[in-house]
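Below, each value reflects all heavy atoms present in this structure, side chains not excepted, and no hydrogens, waters or symmetry copies. This one's a predicted model, so the numbers in the text were calculated from it and none came from an experiment.
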Amino acid sequence: MSTPYPFTAIVGQDDLRLGLLLNAVSPAVGGVLVRGEKGTAKSTAVRALAALVPEVPVVPGCRFSCDPVSPDPACPDGPHAEAAGVSRPARTVELPVGASEDRLVGALDIERALSEGVKAFEPGLLADAHRGILYVDEVNLLHDHLVDLLLDAAAMGASYVEREGVSVRHAARFLLVGTMNPEEGELRPQLLDRFGLTVEVAASRDTDERVEVVRRRLAYDDDPEGFAGRWAEEEEALRERIAAARALLTRVVLGDGVLRQIAATCAAFEVDGMRADIVMARTATALAAWAGREEVTADDVRQAALLALPHRRRRNPFDAPGLDEDKLDQTLDEAGPQADDDGDDQPDPDPDGGGNDDGGGGGGGVPPQADGDRTQPQGEGDSGGDTPSQAPGGTPDAPGRSTGAEQQPVASAEPFRTKMLSVPGLGEGAAGRRSRARTEHGRTTGARRPRGSLTKLHLAATVQAAAPHQRARGRSGRGLVVRRDDLRQATREGREGNLVLFVVDASGSMAARQRMSAVKGAVLSLLLDAYQRRDKVGLVTFRGKDAEVALPPTSSVDAAASRLESLPTGGRTPLAAGLLKAHDVLRVERLRDPSRRPLLVVVTDGRATGGPEPVALAGRAGRLHRSEGTASVVVDCESGYVRLGLAGELARELGGTAVTLDELRADSIAGLVKDVTAAGRAA
């Protein structure tokens, strides 16, 4: 077994180390999510934590780590007779992103079940992690079906397995620790809320600190055991401090004044539900115990808020996590206890003249979130602090009017719930929530002979295949005589995630402020839909003389939203260039991920200008996509009394469907679901 990097040798990353240590002191805090760029010691710190967590007593021979003091009465290996327990180190169980459902929750031993007629259950990773640490690296890339199982286990403290005639329940209480790079996509809100704390990590910009990081890492790589030995004394001191804090934890007093601060803070930041209040209370208590105090202070509450609230106050996936620390301080002052730590007896004053009423969005190490930046109502805010360079004479929606001058970005309109745009046919891509696909998880639609290893047994079809041969095989007793040729693989149908490539017209014909605001709101709504359906997204824009890839295909839809917000407009409309650029992007992505089917979403009014025969060239570019079977939809942004219908013509060239901005809304009378017609399917 390799020697882990010592926890005390990690340079900097104070928030990361504090979040992990608080969970070691009080596992009831509920785990920690570590968000940050690659190469910032996220995984190193999590793996190093295992050496500091106190050992756990277990029932000898129990595969489910039952506590000998209070064993689980429903333990599959029970009931356990009274016996002295044995101590072992707390486990750190790593859940791979590509793990199967059976590996996570356990599985029935099919061979023994069929040949011996017994229900033999093989425990999974949830059983291994009971009373230990469950670590998920790149947790934001975890498949939905595994996320659902994790949510169930985290909520109930137990894992339930109901499949192939076996019913098993066992305890599964663990410290959930996840790491992620936000650039690769965000977490589902349900799983995000299950993490007690969240910390943001980034590489230090201090030269001396970076030098020390490299020096220590090189020393560890040269001699892991020797390096760990040099830090053994610090590790033991930290281990003893964790044990002392655990012992003190039950004596820490959480006063009514502090509870009011916690409740007022959660209410002020409008977090959903009551879990935030509970986590803050537990975190503040753990902070007091870690500091060796028996009473929670206002400083503990403030630190607990910075750790427990940023990921819970996000109203949608595009909000940056973080807290306005000025607002936090003001809330704590207004709801503060009767006496502060300096002994200043001061009753809760009327906050007149408190000096903190400016509503500032500045402070602290976590970027504040300006709630109004993205959801500015359509057509408003142009005069008060938007930009000083609005083009004169830019009247809304003048037909055919195009200005060569670049205009500053405008805010998007309020997002809305969109219709589901799906790719027709049956795919075999990554699990998601958009288009129909053959998947490992979903409803069973039939059975087939397995190609390669058997992953999902179709029990009824297997028994049916083996039954006619039992007499010839000399069956006797309970067991069914099953051969390899009898096994049948279940075929399942679920949903896949697609590559949604947005091609957005940013030309002068789209530059009228009200229209571009509405267009950005529509694209933002489609991005939100793509996030919920676990798609990859890309963004191509065109204006002036050419098109550019504003965002290569990625799982981070909030990165696409950020690029969209800063999108300038103006110039001619090189529609053909935009379609050809999109074709290049899709060609490369087909080589990288051939199983992920694309959906092309072109957002334009259909006008094409600039160069010789721009309309004919755009039509040829559209037919190129059609010839390759790319599913497409054109969002028609044309408005006004006089409509040219050019977007509809483009949709016919693409072999796709055209929808207006109004028809894109899920609550419109046009219906709830619109399948995009793939090119060439009629033929």
Side-chain angles (χ1 to χ4, degrees), residues 97-105 138-152 163 184-192 316-317 417-448 455-456 458 489-502 525-538 553-558 560 586 589-590 592-601 629-633 656-657 659 664-666 671-679 681:
V97 169
S100 66
E101 183 177 334
D102 291 344
R103 184 71 187 98
L104 179 62
V105 301
E138 305 295 350
V139 63
N140 51 324
L141 303 182
L142 203 62
H143 290 308
D144 274 358
H145 66 281
L146 298 182
V147 170
D148 293 336
L149 294 169
L150 273 182
L151 288 173
D152 290 342
R163 61 178 63 185
E184 297 173 338
E186 286 292 346
L187 273 178
R188 283 171 54 185
Q190 296 94 328
L191 182 57
L192 193 63
N316 66 63
R417 189 167 64 91
T418 67
K419 294 174 184 176
M420 187 179 77
L421 305 175
S422 61
V423 179
L426 198 61
E428 295 183 348
R433 297 184 170 187
R434 184 172 296 278
S435 305
R436 293 175 55 224
R438 298 183 186 93
T439 61
E440 288 294 317
H441 306 275
R443 63 185 182 90
T444 301
T445 58
R448 60 173 174 80
T455 56
K456 291 291 181 182
H458 194 298
Q489 173 85 25
T491 57
R492 300 175 183 245
E493 182 178 313
R495 294 278 173 177
E496 67 176 359
N498 298 109
L499 166 59
V500 183
L501 181 61
F502 294 93
S525 303
L526 289 167
L527 284 171
L528 180 59
D529 181 69
Y531 164 79
Q532 293 168 340
R533 300 192 187 281
R534 313 298 285 176
D535 295 317
K536 288 180 69 175
V537 297
T554 175
S555 296
S556 179
V557 294
D558 53 344
L586 294 181
E589 286 302 308
R590 284 190 179 101
R592 290 177 177 171
D593 190 358
S595 64
R596 188 181 288 269
R597 297 187 295 165
L599 173 60
L600 185 68
V601 179
T630 302
S632 60
V633 60
T657 304
V659 296
L664 193 61
R665 294 178 179 270
L672 294 180
V673 177
K674 183 176 286 294
D675 288 323
V676 181
T677 304
R681 288 187 60 82

Shortest non-hydrogen contact from [X] to [Y]?
X      : Y      : value
Ala437 : Leu426 : N-CD1, 3.6 Å
Ala447 : Thr491 : N-OG1, 3.7 Å
Ala631 : Val423 : CB-CG1, 4.0 Å

### Set of side-chain hydrogen bond (donor to acceptor under 3.5 Å, both in side chains) partners for Glu138, sequence neighbours left out
none
### Message
Holding to side-chain hydrogen bond (donor to acceptor under 3.5 Å, both in side chains), I want the full list of residues that pass it with Arg597, two or more places apart in sequence or in another chain.
### Response
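side-chain hydrogen bond (donor to acceptor under 3.5 Å, both in side chains) list for Arg597, sorted by chain: Glu496.
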### Task
For side chain to side chain contact (heavy atoms under 4.5 Å, CB included), just list the numbers for Leu526 and Val601, CA-CA rounded to whole Å, side-chain angles, deciding distance to a tenth of an Å, and then say yes or no.
CA-CA 9 Å; Leu526 289 167; Val601 179; 4.0 Å; yes
### Task
With sequence neighbours left out, write down each residue that passes salt bridge (charged side-chain N to carboxylate O under 4.0 Å, His left out) with Asp529, or none if nothing qualifies.
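Expected list: Arg434, Arg533.
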### Message
Using only atom types and a distance under 3.5 Å, with no angle test, would you say the side chain of Asn498 pairs donor to acceptor with the backbone of Asp535?
### Response
no
### Query
Can any side-chain N or O of Ser632 pair as donor or acceptor with the backbone N or O of Leu600 at less than 3.5 Å?
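No; judged by distance alone, with no hydrogens or angles, the pair does not exist.
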### Task
Check each of Arg436, Arg495, Arg438 against Glu428 using the salt bridge (Lys or Arg N to Asp or Glu O under 4.0 Å) test, and report the only one that passes.
Arg438
Identify, with sequence neighbours excluded, every residue that meets side-chain contact (heavy atoms from CB on, under 4.5 Å) alongside [X].
X      : value
Arg596 : Ala430, Leu499, Lys536, Asp593
Ala490 : Thr444, Lys456, His458, Arg492
Arg590 : Leu586, Pro598, Glu628, Thr630

#### Entry: Point-to-point distance, once rounded to the nearest 0.5 Å, from OG of Ser525 to NZ of Lys419
13.5 Å
